[in-house]
Amino acid sequence: MQLEITTPIFKCLADEDAFFQRLSEVDGCQKVVARAAYISVTLGHADEKTLPTLENICDIWNVSYTVVSD
């Protein structure tokens, strides 16, 4: 599954580190790549908790995500 998350505005380096750490801990996360306008996330698999976990992370940083491909 491929997702795109709008790039958050980070308050400090620790905030940015926390964001990427939380993303990397999502079950099935294989790759996270920061682009200019979005962050690309590749998941090897997704269960019933994966999307709610991503939604929670996005809510904390006030951003949204889009599923690009399954």
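Numbers here are sequence positions counted from 1.
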May I have the step-by-step check of side chain to side chain contact (heavy atoms under 4.5 Å, CB included) for Ser40 and Gln2, ending in yes or no? CA-CA 7 Å; Ser40 176; Gln2 186 73 34; 2.4 Å; yes

How about Leu51 and Leu3: do any of their side-chain heavy atoms sit closer than 4.5 Å? yes

What's the shortest heavy-atom distance between Val32 and Cys29, and which atoms? CG2-SG, 3.6 Å

From CZ (Phe19) to SG (Cys58), nearest 0.5 Å: 6.0 Å

Distance check, rounded to the nearest 0.5 Å: Lys31 atom NZ versus Ser24 atom OG? 15.0 Å

Scan Ile57, Asp15, Val63, Ile60 and name whichever one has a side chain to side chain contact (heavy atoms under 4.5 Å, CB included) with Pro8. Val63

I'd like to know if the side chain of Thr42 pairs up with that of Gln30 as donor and acceptor (distance under 3.5 Å, no hydrogens or angles considered). no

Side-chain heavy atoms nearer than 4.5 Å, only ILVMFWY residues, links allowed to pass through others: does that put Leu54 and Val67 together? yes

Taking the side chain as every heavy atom from C-beta outward, state whether Arg35 and Val33 have any pair of such atoms under 4.5 Å apart. yes

With a sphere of 6.0 Å drawn around CG of Asp47, does it hold more than 12 non-hydrogen atoms of other residues, nucleotides or ligands? yes

Leu23 and Ile5: side chain to side chain contact (heavy atoms under 4.5 Å, CB included), yes or no, with the steps? CA-CA 10 Å; Leu23 283 181; Ile5 300 173; 3.7 Å; yes

Rounded distance (nearest 0.5 Å) linking atom NZ of Lys11 with atom CD of Glu16: 14.0 Å

Counting only heavy atoms not in Asp59, do more than 12 fall under 6.0 Å of its CG? yes

What's the separation between atom CD in Glu4 and atom OG1 in Thr66, rounded to the nearest 0.5 Å? 6.5 Å

Any chance you could measure Thr53, atom OG1, to Arg22, atom CZ, to the nearest 0.5 Å? 8.5 Å

Following the transitive rule for hydrophobic clusters with a side-chain heavy-atom cut-off under 4.5 Å over Ile, Leu, Val, Met, Phe, Trp and Tyr, establish whether Met1 and Val41 coincide in one cluster. yes

Is the shortest side-chain heavy-atom distance between His45 and Asp27 below 4.5 Å? yes

Is Asn56 reaching over with its side chain to a backbone N or O of Pro52, donor-acceptor style, under 3.5 angstrom? no

Please work out which of the three classes, parallel, tilted or perpendicular, describes the rings of Phe10 and Phe20, given edges at 30° and 60°. tilted

Could you state the interatomic distance from OG1 (Thr7) to CH2 (Trp61), rounded to the nearest 0.5 Å? 13.5 Å

